[in-house]
Amino acid sequence: MRKKVLVTGGAGFIGSHTIEGLLSTGHYSVRVLDNFSTGHRENIRHLMGNIELVEGDIRDMETVEEAVADMDSIIHLAALPSVPRSVKAPLTSNDVNASGTLKVLSAAHRAGVKRLILASSSSIYGANMAQPKTEDMLPAPVSPYAASKLAAEQYVGVFARTYKMNTLSIRYFNVFGPRQDPNSQYSGVVAKFMTSALAGEPCTIFGDGTQSRDFTYVGNVVSANIAALEATGLHGQPVNVACGERHTVIELLDTITAALGSPVQVIRAPGRTADVLHSLADCTLAAEVLGYRPTVAFAEGVRQTLEWYKTTYTG
Ligand code: NAD
Ligand code: UD1
């Protein structure tokens, strides 16, 4: 008997990879809840015969109730990502990322769903400068996005402690890979740099480019999401999931340039408001709780992702 998993945000970048991973095990049937606001039908077109789709908004309780009915577990990815988007529209970020998560948790509890895994974010560490980031560090959000994710984490903790759900917050660190949307002003840096470089257009570096991230290939995150569905001892705690390497924005561009074998034009722009300076994860806890180990390192992930953008965007 296959277990029934609801993937909210399943039409997004991480969501579509997570669904592929779940289906490939043969152990899960998948329902998706998505409103296609930042995700795309194209991301799940190849999966449509094998999944059930509920099209709607996590802010709408009736829709959420329909989506959670009969599920064994939920991987809750639906959110408005992007730090700059949240700086521009903090109320909407909060409605979707924090209140939306509370609605999903609440409906899940009432429907008897036993387990919920939240996509949280490294951004919650914010202004706390200690490296590497460990889960016992004090969060210090500097963006509305980070604050909304921290609020969501707190609800995830409460639903474990008060309502005895098996819940976990996975703090993803700068995820990249095929299907990450490069076309929005809020797109992640890897998708933007790769598609600009391939199109012979300039790449913009915000600030001096020495800010660094623990860029994490999407396959690593998928393995953590799937492990979380079977792990024991989930009690609403947060765990970091990353690659365990730190690279500056300049190093990222250099790696892409080297892989392309041709120079890339660079534009310099002022640093972004609410940009975190450095971010590197300690993944010891994820190893303990989920048996997590990153299997695709940064350079290999860059290579695979660049190949995908090459094929998809330049034929
Ligand atoms: P994405 O934008 O590709 O996916 C988000 C999905 O949620 C989209 O399909 C979107 O249509 C859907 N969605 C948004 N608002 C919704 C709503 N109100 N109702 C229903 N569906 C809604 O982004 P992603 O990079 O795949 O991110 C997935 C999750 O991981 C998000 O929660 C994000 O905050 C988190 N995260 C991402 C990263 C990263 O580097 N990409 C890092 C840390 C955390
Ligand atoms: C990203 C995620 C966010 C996640 C967070 C923490 C995206 C869109 N956002 O935020 O959901 O919670 O990681 O894991 O994936 N930069 C440039 N030039 C550009 C674009 C960005 O120099 O064209 C710089 C930014 O100023 C920043 C770094 O690159 O310093 C990374 O930016 P971005 O990819 O947007 O990710 P985060 O803001 O770190």
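The side-chain hydrogen bond (donor to acceptor under 3.5 Å, both in side chains) check on D282 picks up T284, with sequence neighbours excluded. Under the rule for a side-chain hydrogen bond (donor to acceptor under 3.5 Å, both in side chains), R161 has no partner lying at least two apart in sequence or in another chain. Here E55 pairs with R41 under the salt bridge (Lys or Arg N to Asp or Glu O under 4.0 Å) rule; sequence neighbours left out. With sequence neighbours excluded, the residues forming a side-chain hydrogen bond (donor to acceptor under 3.5 Å, both in side chains) with R45 are E42, listed by chain and number.
Side chain of E300 to main chain of Y217: no donor-acceptor pair is present (N/O by atom type, distance under 3.5 Å, no hydrogens or angles). With N220 contributing its side chain and T295 its backbone, the two residues share a donor-acceptor pair below 3.5 Å. N240 places a side-chain N or O within 3.5 Å of a backbone atom of K133 that can act as its donor or acceptor partner. Listed for the K103 side chain is a donor-acceptor partner under 3.5 Å among the backbone atoms of R59. Within the 3.5 Å criterion, the main-chain N or O of M1 finds no donor-acceptor partner in the side chain of K3. Checking side-chain atoms of H76 against main-chain N and O of L105 turns up no donor-acceptor pair under 3.5 Å.
Taking the six-membered ring where tryptophan is involved, the planes of Y309 and Y313 are tilted, since the angle between them lies from 30° to 60°.
Partner of N35 under the side chain to side chain donor-acceptor pair (under 3.5 Å) criterion, chosen from D60, T63, D57: D57.
Looking at heavy atoms from C-beta onward, Q237 lies in side-chain contact with V289 at the 4.5 angstrom threshold. Using a 4.5 Å cut-off on side-chain heavy atoms (C-beta onward), I51 and V7 make no contact. In this structure, the side chains of I205 and F193 come closer than 4.5 Å at one or more pairs of heavy atoms. By the 4.5 Å heavy-atom criterion applied to side chains, M165 and H109 are counted as neighbours. Between I256 and V264 the shortest side-chain heavy-atom distance does not fall below 4.5 Å.
Membership of the apolar cluster around M137 extends to I124, Y125, L150, F173, as traced through chained side-chain contacts below 4.5 Å between ILVMFWY residues.
Within 6.0 Å of the CZ atom in R2, the count of heavy atoms belonging to other residues, nucleotides or ligands does not exceed 12. Around OH of Y28, the count of heavy atoms belonging to other residues, nucleotides or ligands within 6.0 Å exceeds 12.
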Apply the test side chain to side chain donor-acceptor pair (under 3.5 Å) to residues S148 and N97: give CA-CA distance (whole Å), side-chain angles for both, the deciding distance (0.1 Å), then the verdict.
CA-CA 6 Å; S148 72; N97 301 356; 3.2 Å; yes
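Among residues at least two apart or in separate chains, side-chain hydrogen bond (donor to acceptor under 3.5 Å, both in side chains) pairs with a member in residues 207-216 are D208-T210, S212-R246, S212-H278, R213-D275.
Between T167 and A160 the shortest heavy-atom distance is OG1-CB, 3.3 Å.
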